[in-house]
Protein chains: 2
Amino acid sequence: MIELSKAEFEVLDAVWLDYPATASQVIERLSDDKEWHEKTIKTLLSRLVKKGALSFEKQGRLYNYTPCIAREEYTLKESQSFVERFFNGRIAPLVSGFAKSEQLSQNDIDELKKVINDWEKQQK
Amino acid sequence: MIELSKAEFEVLDAVWLDYPATASQVIERLSDDKEWHEKTIKTLLSRLVKKGALSFEKQGRLYNYTPCIAREEYTLKESQSFVERFFNGRIAPLVSGFAKSEQLSQNDIDELKKVINDWEKQQK
DNA sequence: AATTAAAGATTACAGCTGTAGTCAAATAAT
DNA sequence: ATTATTTGACTACAGCTGTAATCTTTAATT
């Protein structure tokens, strides 16, 4: 699995919003939340290319970046390894921790029920 | 929040198994799964002390290490920040990803149902 | 008492990370 | 055409990480 740092992931996330995207578009998208210098973001874009998370095509002197992986695929793999490391691969203890510390809303519960329901339907 | 690297967490996890624990006990506990050199583990123990994750008391020339945080507390904080970063703070999409990719067993589902049930009871 | 062994402290070192600055080439502006 | 600007490439640098080796002190052995 491609290993990305937190900062790299946030930049990739900005590309996932809509792509292909140029460096300046990515910089624009990140400008609200982040205090990053333009150069910083460009460095991170380069590192993402080097790591194989982004590809690009030249459009004149600009680069048009496109993710090499789907967000869902990446987050799933990260989730798996997270749950493996912290909870021995079991997901319920993670959810349980949220529940115990009042981190769950009724909406979360409803969503979880739906996931369970869909799963059960899937099993026929 | 104390930031720990993966390797540091694994060493701390070995201390959580039973503590206070000496360095050689920790080394022993890790010897099955890990190929780590004794020196490596001692380095990680020192770094955990420096980061405030472990404290120790001298017992003669040995150190007896004790965690400064509970495992549940640490994993909860990590879970929160994980879910925040990858799923905008919502837990259901994480579970949903597991479901879609056939990562859930009937047992996981049963455990999740129990968590939901307990939560609902809690809300009276 | 002298020697050896073991524990922790200190040092090492390359690769990753956050966070840019500088440089060279291409383009836009005058 | 010349100059200024913008883009991406390359360079920088300290702190974190993985992975130990060496040094110092203290305890165990002979």
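Between L76(B) and F98(A), the shortest heavy-atom contact is CD1-N, 4.0 Å.
Ion pairing between E73(B) and K77(B) holds under the 4.0 Å rule for side-chain N and carboxylate O. Contact check on R85(A) versus E78(B) returns no salt bridge, with no Lys/Arg side-chain nitrogen under 4.0 Å from an Asp/Glu carboxylate oxygen.
The OH-C1' distance, from Y65(A) to dG8(D), rounds to 7 Å in whole Å. Between E35(B) atom CD and dG18(D) atom P the separation is 16 Å, expressed in whole Å. Atom CG of L62(A) is separated from atom C1' of dA26(C) by 11 Å (rounded to the nearest Å). Rounded to whole Å, the distance from NE2 on H37(B) to C1' on dA7(C) is 14 Å. I2(B) has its CD1 atom 17 Å from the C1' atom of dT17(D), to the nearest Å. The distance between atom NZ of K34(B) and atom C1' of dT17(D), rounded to the nearest whole Å, is 14 Å.
Around atom CD of Q122(B), no more than 12 heavy atoms belonging to other residues, nucleotides or ligands sit under 6.0 Å away. Summarising the local packing, NZ of K51(A) is surrounded by more than 12 heavy atoms from other residues, nucleotides or ligands at distances under 6.0 Å.
One side chain, D110(A) or Q106(A), offers a donor N or O that lies under 3.5 Å from an acceptor on the other.
Scored by the side chain to side chain contact (heavy atoms under 4.5 Å, CB included) test, R47(A) finds E8(A), T43(A) as partners (sequence neighbours excluded). Partners of R71(B) by side-chain hydrogen bond (donor to acceptor under 3.5 Å, both in side chains), not counting sequence neighbours, listed by chain and number: D13(B). Among residues two or more places apart in sequence or in another chain, the side chain to side chain contact (heavy atoms under 4.5 Å, CB included) test is passed with E72(A) by A70(A).
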Next on the checklist: Working note: F87(B) + T75(A), criterion side chain to side chain contact (heavy atoms under 4.5 Å, CB included); need CA distance, chi angles, decisive distance, verdict.
Outcome noted: CA-CA 8 Å; F87(B) 301 102; T75(A) 57; 3.8 Å; yes

Atom pairs under 3.5 Å: protein N/O with N/O of nucleotides 24-30 of chain D:
none

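Between Y65(B) and the options V49(B), L48(B), V11(B), T22(B), a side chain to side chain contact (heavy atoms under 4.5 Å, CB included) holds for only V49(B).
For residues 4-15 of chain B, proximity to DNA chain C is found at no residue, defined as any non-hydrogen atom under 4.0 angstrom from a strand atom. Near DNA chain C, meaning a heavy atom under 4.0 Å from it, residues 38-57 of chain B has K39(B), K42(B), R47(B) in order of number.
Between W36(A) and dA20(C), a side-chain N or O to OP1/OP2 separation shorter than 4.0 Å is absent.
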